[in-house]
Amino acid sequence: MNTDKLISALNDLLTRNHDAKKGYTEAGNDVTDGVLRKWMFENSEKRESYIEELHNQVRSLSGTPDHGTSFLGDMHRAWIDFKSSITDGNTAVLQECIRGEERAIEDYNKVINELDMTTAIREVLLRQRRNIEDSLKSLRAIEETLAVAQ
């Protein structure tokens with residue numbers, strides 16, 4: 001097992017979760033649909049728990065966990081704010097969240113499938129990925145509901 005490579009990959013997932021947590025909190029304050037708002041805040045809390053779990057896994061490898069968001073995440077949140085200001089905010093935010101969840105699943109898959117790791121770390125990543133897949137299904141259901149309502 002290449003510990004340095006695994007620590008780096010876990011830290012990349014940590015940063016992605018910091019970005020998602022911050023994005024969902026900010027977007028939750030901006031959307032007007034109550035169901036979507038609730039989803040945003042619930043998933044922000046979920047990402048907080050993922051962050052803590054990933055911190056623990058990085059520490060278990062004697063690594064230093066990342067603690068912040070990324071420049072690209074910051075730019076993406078600014079893009080969402082702009083896009084929602086010139087379009088239907090709920091739909092624009094929803095579409096970006098779907099894209100973000102799909103990308104998160106891809107990132108988790110890459111780490112799970114390409115790196116050697118302990119069973120404990122693999123179990124954490126598999127559970128988090130399953131939860132993100134479930135969140136994506138919920139988002140798609142919200143998308144269908146909003147489309148019918150329009």
Side-chain angles (χ1 to χ4, degrees), residues 1-31 35-84 87 90-147:
M1 175 170 69
N2 183 333
T3 304
D4 291 338
K5 193 170 184 177
L6 182 56
I7 290 170
S8 177
L10 292 174
N11 272 325
D12 288 346
L13 293 177
L14 256 172
T15 300
R16 169 165 283 293
N17 280 289
H18 281 292
D19 286 338
K21 179 188 181 307
K22 185 173 183 180
Y24 292 147
T25 300
E26 290 176 5
N29 289 319
D30 294 336
V31 296
V35 173
L36 184 56
R37 178 184 300 260
K38 181 180 180 206
W39 185 96
M40 294 289 174
F41 290 128
E42 286 174 353
N43 279 277
S44 178
E45 290 176 17
K46 286 179 186 177
R47 292 305 175 100
E48 179 65 33
S49 70
Y50 299 172
I51 288 166
E52 185 59 34
E53 290 176 326
L54 291 169
H55 273 215
N56 291 337
Q57 297 307 317
V58 170
R59 284 188 206 111
S60 77
L61 297 168
S62 300
T64 303
D66 286 346
H67 292 283
T69 59
S70 67
F71 174 74
L72 289 176
D74 294 341
M75 293 299 295
H76 188 242
R77 283 186 297 281
W79 168 247
I80 291 172
D81 287 344
F82 170 73
K83 191 173 176 182
S84 65
T87 63
N90 291 330
T91 302
V93 169
L94 179 64
Q95 291 301 315
E96 291 303 319
C97 289
I98 288 172
R99 283 183 7 162
E101 293 294 82
E102 290 171 340
R103 179 62 195 263
I105 292 166
E106 291 171 11
D107 290 348
Y108 272 81
N109 283 338
K110 184 175 181 180
V111 174
I112 291 165
N113 295 327
E114 295 179 10
L115 296 178
D116 189 30
M117 64 192 73
T118 66
T119 301
I121 294 172
R122 183 170 304 281
E123 287 174 0
V124 167
L125 296 182
L126 288 169
R127 184 177 34 75
Q128 288 183 1
R129 184 192 63 196
R130 277 191 307 272
N131 290 341
I132 294 169
E133 289 167 341
D134 290 344
S135 293
L136 179 58
K137 288 175 189 172
S138 297
L139 269 180
R140 288 194 171 127
I142 293 169
E143 179 182 39
E144 288 178 25
T145 302
L146 288 177

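All values below were derived from every heavy atom in this structure, side-chain atoms included, with hydrogens, water molecules and symmetry-related copies excluded. We number each residue from 1, following the sequence as shown.
Put simply, CD1 on Ile7 and OG on Ser60 are 8.5 Å apart, with the number rounded to the nearest 0.5 Å. Distance OG/Ser135 to CZ/Arg47: 7.0 Å, rounded to 0.5 Å. From Thr119, atom OG1 reaches atom CE of Met117 across 10.0 Å, with rounding to the nearest 0.5 Å. One distance of note links OG1 of Thr64 with NE2 of His55; it measures 10.5 Å at 0.5 Å rounding. To the nearest 0.5 Å, atom NZ of residue Lys22 and atom CG of residue Asn17 are 15.0 Å apart. Of the inter-residue distances, the one linking Trp39 atom CH2 with Ile142 atom CD1 reads 7.0 Å to the nearest 0.5 angstrom.
Minimum heavy-atom separation, Gly28 to Phe41: C-CZ, 3.5 Å. Considering every non-hydrogen atom in both Tyr24 and Cys97, the closest pair reads CE2-SG, 3.6 Å. Heavy-atom minimum distance, Leu61 versus Thr3: O-CG2, 3.8 Å. Nearest approach of Ala27 to Met40, heavy atoms of both residues: CB-SD, 4.0 Å. Nearest heavy-atom pair, Pro65 versus Asn11, reported as atom, atom and distance to 0.1 Å: CA-OD1, 3.3 Å. Listed here is the closest heavy atom pair of Ile112 and Arg129: CD1-NH1, 3.9 Å.
Taking 4.5 Å as the limit, some side-chain heavy atom of Leu14 sits within range of a side-chain heavy atom of Ile51. When side chains are defined from C-beta on, Leu6 does not count as touching Gln57, because their heavy atoms never get closer than 4.5 Å. Counting heavy atoms from C-beta outward, Asp12 and Val111 have side chains that stay 4.5 Å or more apart. Inter-residue side-chain proximity for Leu125 and Leu54 is flagged as met; some heavy-atom pair is nearer than 4.5 Å. Put simply, the side chain of Asn43 does not reach to within 4.5 Å of the side chain of Leu139, judged on heavy atoms. Using a 4.5 Å heavy-atom threshold, the side chains of Arg127 and Glu53 count as touching. Asn131 has its side chain out of reach of Lys46: every pair of non-hydrogen atoms, C-beta onward, lies at least 4.5 Å apart. Val93 has its side chain out of reach of Asp30: every pair of non-hydrogen atoms, C-beta onward, lies at least 4.5 Å apart.
One finds no salt bridge joining Arg140 and Glu101 here, because no Lys/Arg side-chain nitrogen approaches an Asp/Glu carboxylate oxygen to under 4.0 Å. Remark: Glu96 engages Arg99 in a salt bridge, criterion side-chain N to carboxylate O under 4.0 Å. Salt-bridge check for Arg103 with Asp107: passed, with a basic side-chain N closer than 4.0 Å to an acidic carboxylate O.
Residue Arg59 qualifies as enclosed at atom CZ: its count of foreign heavy atoms under 6.0 Å is above 12.
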Check step by step if side chain to side chain contact (heavy atoms under 4.5 Å, CB included) holds for Ile98 and Leu136. CA-CA 6 Å; Ile98 288 172; Leu136 179 58; 3.9 Å; yes
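His18 contributes no side-chain N or O that, together with a main-chain N or O of Leu13, makes up a donor-acceptor pair within less than 3.5 Å. Thr25 places a side-chain N or O within 3.5 Å of a backbone atom of Lys21 that can act as its donor or acceptor partner.
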